[in-house]
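Accompanying notes for the structure given below.
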Amino acid sequence: DQQVKQNSPSLSVQEGRISILNCDYTNSMFDYFLWYKKYPAEGPTFLISISSIKDKNEDGRFTVFLNKSAKHLSLHIVPSQPGDSAVYFCAASATGANSKLTFGKGITLSVRP
Amino acid sequence: NAGVMQNPRHLVRRRGQEARLRCSPMKGHSHVYWYRQLPEEGLKFMVYLQKENIIDESGMPKERFSAEFPKEGPSILRIQQVVRGDSAAYFCASSEGENTEAFFGQGTRLTVV
């Protein structure tokens with residue numbers, strides 16, 4: 001049972017354009033959402049997070065939007081850079097669930113120079 | 001401030017042998033999590049530990065797998081009598097407390113031959 005879904009396995013964008021990575025979840029108990037970036041043979045690196053009390057969080061080129069009614073979140077990267085090419089994981093946790101993260105399968109982003 | 005340190009980075013074991021994976025959390029972090037990533041999959045939660053205590057092991061297989069986080073020293077994930085299906089990347093993460101960002105190590109890639 002996939003509680004966090006990243007339905008597009010890959011995304012290719014031109015350098016300088018916007019990258020939009022989508023994530024859907026089914027568990028209404030989730031109240032904290034995170035995005036991680038992962039390069040091959042390395043561990044995931046935390047990018048940005050959002051609490052369910054907010055609908056937007058911005059950090060530099062990265063913005064995460066949360067639509068609770070649709071159980072949907074998205075990560076916007078603008079402008080995209082070649083160094084952004086990596087696998088991006090969406091993750092979620094629920095208060096009282098011991099902070100364990102439920103991950104999606106990841107999206108491979110390729111930014112073309 | 002060193003990040004989460006995992007060793008070894010790569011581990012090859014024959015079927016039936018034991019695998020021991022080590023994780024030293026970031027300085028000041030007392031919460032440790034272990035995740036497993038199978039090929040083409042997202043990370044799956046295995047176990048959450050605090051010093052000398054297992055808080056949540058709901059993601060651990062019932063047999064052959066165990067974890068500890070002693071008062072002194074690293075956290076250990078032990079897999080007894082390994083089978084081919086145990087081949088995966090095992091990631092450790094640490095955090096300062098519950099519902100704070102978890103930082104991941106680079107992982108241990110276990111190959112069972």
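Numbered from 1 within each chain, the chains take letters A, B, ... in sequence-line order. This one's a predicted model, so the numbers in the text were calculated from it and none came from an experiment.
- With hydrophobic clusters built from ILVMFWY side chains whose heavy atoms lie under 4.5 angstrom apart, Y88(A) shares a cluster with L11(A).
- For chain A, no part of Q6(B) is nearby; none of its heavy atoms comes within less than 4.5 Å.
- The local environment of CD in Q81(B) is sparse, with at most 12 non-hydrogen atoms from other residues, nucleotides or ligands closer than 6.0 Å.
- Atom CD of E42(A) sits about 9.5 Å away from atom CZ of F91(B), to the nearest 0.5 Å.
- Between G105(B) and P44(A) the shortest heavy-atom distance is O-CD, 4.5 Å.
- Taking the six-membered ring where the residue is Trp, the centroids of Y36(A) and F104(B) are separated by under 6.0 Å.
- For K68(A), the NZ atom counts as densely surrounded, since its 6.0 Å shell holds more than 12 non-hydrogen atoms of other residues, nucleotides or ligands.
- Nearest heavy-atom pair, F89(A) versus Q37(B), reported as atom, atom and distance to 0.1 Å: CZ-NE2, 3.5 Å.
- With a 4.5 Å cut-off on non-hydrogen atoms, A102(B) touches chain A through its backbone and its side chain both.
- Under the 3.5 Å distance criterion, with hydrogens and angles disregarded, a donor-acceptor pair is assigned to the side chains of K100(A) and S58(B).
- For R15(B), the CZ atom is loosely surrounded, since the number of other residues' heavy atoms within 6.0 Å does not exceed 12.
- Contact count versus chain B (heavy atoms, under 4.5 Å) is highest, among A41(A), S49(A), P9(A), G104(A), for A41(A).
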Do Y39(A) and Q106(B) pass the side chain to side chain contact (heavy atoms under 4.5 Å, CB included) test, and can you show the C-alpha distance, the side-chain angles, and the key distance before you say yes or no?
CA-CA 10 Å; Y39(A) 293 116; Q106(B) 292 186 300; over 6 Å; no
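- Expressed to the nearest 0.5 Å, how far OG1 of T102(A) lies from OH of Y35(B) amounts to 7.5 Å.
- Counting heavy-atom neighbours within 6.0 Å of M60(B) CE, excluding the residue itself, gives a total above 12.
- Residues V64(A) and V4(A) share a single hydrophobic cluster, defined by chaining ILVMFWY side chains whose heavy atoms lie under 4.5 Å apart.
- Heavy atoms from other residues, nucleotides or ligands lying under 6.0 Å from CZ of R17(A) number 12 at most.
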